[in-house]
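The structure displayed is predicted, hence computed values, not measured ones.
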Amino acid sequence: MSRKIPYQLILIIGFIFHFSDGIYAQGCSDAGVCTIDSFKPHDHGDAQEYQNTFKAGLNFGAADYDINVFGTYLDYRRKVNENLSVDAKLTTLSQSGNDISAFGLSDIYVNGNYKVGKRASLTLGFKIPLMDANRKENGLALPMDYQSSLGTFDLVLGFGYAIKKLQLLAAIQQPLTQNNNEFLSDLYPSSSPLSEFQSTNQFKRSGDILIRASYPLNLGQKFVFTPSLLPIYHLANDKFTDIDGIEKEIDGSQGLTLNWNTYFDYYINDKHALQLSLGAPFIVRDTRPDGLTRSFVANIQYRINF
């Protein structure tokens, strides 16, 4: 492999982080569907001869209101036969900013994946919340920006198709239940930064549809660079109930977010690999009351096949 490749990767990464400082909107910080393993770009490291794959990851994002977000995950996939596999993912989330720090378990994702011929695949799964999204401080509910989970039980459906190296994906994530959040910005004094957050009392979140197009490029035997475009469409305006008990729509929460994602894979050998992924938005919605707003997202992952 050429000695210039690591230097080129460093330049690309530096370019991305330089310009991400000027972007303050929603990145690929969706409700979870874009980070499910079967919905991410596939690579030659997912070796067919291995029955098991384990992945561990750490991610960082810059959110609204000067909030920093750190997340971790553990992911396990089991190959049942040539066509069927199942995977499970456990996530955590930590948020800090405005003199508030919060940490907790987030969700468990459980999915079944079925290959339809050599080019197509189907995924059916669920997102199971590990908290009710109603963390409180000093007796008052915190906004969704400080909740480690959306608190919704979601149905996840996906269809993938490959045209030579081009990988296409269409998926939907639909909440089947809603959370127990009680945050009302009116209950905080005007001197508090939380008075500027969107109220989410009795929050009702709509579903999302996404399409991903990705194209892996081999950079020698050990490096793969995969650019990806990820449009996410939020199907309807979210809703909340105000301090007078009146349910209201949150204007601007419906609509399109268009993100780029970039993956850098380094294959130590057939069993072990490292991945760096970065994401940021091109087009954004006016508001995202669920607290998933990011200016950019960076993730580092270790993978082992066995």
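Judged purely by distance below 3.5 Å, without hydrogens or angles, the side chains of Ser253 and Arg288 never pair a donor atom with an acceptor atom. Under 3.5 Å, the side chains of Asn181 and Thr200 contain a donor-acceptor pair of N or O atoms. Residues Ser199 and Ser185 have side chains that bring a donor and an acceptor to within less than 3.5 angstrom of each other. Side-chain contact annotation: Lys40 with Gln167, donor-acceptor N/O pair under 3.5 Å absent. One side chain, Ser149 or Asp107, offers a donor N or O that lies under 3.5 Å from an acceptor on the other. In this model, no donor atom of one side chain and acceptor atom of the other lie less than 3.5 Å apart for Gln173 and Asp208.
A salt bridge between Asp154 and Lys127 is present, with a side-chain N of the basic residue lying under 4.0 Å from a carboxylate O of the acidic one. Arg77 has a carboxylate O that lies under 4.0 Å from a charged side-chain N of Asp87, or vice versa, which qualifies the two as a salt bridge.
Atom CG of Asn113 and atom CG of Leu84 lie 8.0 Å apart (nearest 0.5 Å). Between the CD1 atom of Ile232 and the OG1 atom of Thr257 there is a distance of 6.5 Å, given to the nearest 0.5 Å. In this structure, CG in Leu184 is found 9.0 Å from CD in Gln202, a value given to the nearest 0.5 Å. In this structure, Thr177 OG1 and Arg205 CZ are separated by 12.5 Å, a value rounded to the nearest 0.5 Å. Rounding to the nearest 0.5 angstrom, the gap separating the CG atom in Leu229 from the CG atom in Asn261 is 8.5 Å. To the nearest 0.5 Å, the span separating CE on Met144 from CG on Asn134 amounts to 9.5 Å.
Checking side-chain atoms of Asp132 against main-chain N and O of Gly151 turns up no donor-acceptor pair under 3.5 Å. Side-chain atoms of Ser192 never come within 3.5 Å of backbone atoms of Pro189 as a donor-acceptor pair (strictly under, hydrogens ignored). Asp242 contributes a side-chain N or O that, together with a main-chain N or O of Asp244, makes up a donor-acceptor pair within less than 3.5 Å. In this structure, the side chain of Arg135 engages the main chain of Tyr146 through a donor-acceptor pair within 3.5 Å. Side-chain N or O atoms of Gln95 include none that pairs as donor or acceptor with a backbone N or O of Asn68 at under 3.5 Å. Side-chain N or O atoms of Lys165 include one that pairs as donor or acceptor with a backbone N or O of Pro216 at under 3.5 Å.
Leu140 is listed as a side-chain neighbour of Tyr188, based on a closest heavy-atom distance under 4.5 Å. Contact annotation: the side chain of Ser85 never approaches that of Val80 to less than 4.5 Å [non-hydrogen atoms, C-beta and beyond]. You'll find the side chain of Thr53 stays beyond 4.5 Å of the side chain of Phe306, heavy atoms only. A heavy-atom distance below 4.5 Å is not found between the side chains of Phe197 and Asp64. Counting only heavy atoms from C-beta outward, the side chains of Phe296 and Phe60 approach each other to under 4.5 Å. Residues Gln198 and Ile250 form a side-chain contact, since some pair of their non-hydrogen atoms from C-beta on lies under 4.5 Å apart. Counting heavy atoms from C-beta outward, Val116 and Leu122 have side chains that approach closer than 4.5 Å. Arg119 has its side chain out of reach of Ile163: every pair of non-hydrogen atoms, C-beta onward, lies at least 4.5 Å apart.
Taking the ring centroids of Phe264 and Phe223, they lie at or beyond the 6.0 Å cut-off. Between Tyr263 and Phe225, the gap from one ring centroid to the other reaches at least 6.0 Å.
Annotation: cation-pi geometry not satisfied between Lys222 and Tyr267 (NZ/CZ under 6.0 angstrom from ring centroid, within 45° of ring axis).
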Decide yes or no on side chain to side chain contact (heavy atoms under 4.5 Å, CB included) for Gln51 and Arg78, but give the supporting numbers first. CA-CA 6 Å; Gln51 295 290 104; Arg78 172 71 177 181; 3.6 Å; yes
Walk me through it: do Leu230 and Trp260 pass the test side chain to side chain contact (heavy atoms under 4.5 Å, CB included)? CA-CA 6 Å; Leu230 179 67; Trp260 62 258; over 6 Å; no
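With Tyr73 as the fixed residue, the side chain to side chain donor-acceptor pair (under 3.5 Å) test singles out one of Thr92, Thr91, Asn59, Asn299: Asn299.
Under the 4.5 Å side-chain heavy-atom criterion for grouping Ile, Leu, Val, Met, Phe, Trp and Tyr, Tyr65 is not connected to Leu292 through any hydrophobic cluster.
No more than 12 heavy atoms of other residues, nucleotides or ligands shown are found within 6.0 angstrom of OH on Tyr114. Atom CG of Asp66 has 12 or fewer neighbouring heavy atoms from other residues, nucleotides or ligands inside a 6.0 Å radius.
Applying the side chain to side chain donor-acceptor pair (under 3.5 Å) criterion to Tyr302, with sequence neighbours excluded, gives His272. Residues passing the ring pair (Phe, Tyr, Trp, His ring centres under 6.0 Å) test with Tyr76: none are found, sequence neighbours excluded.
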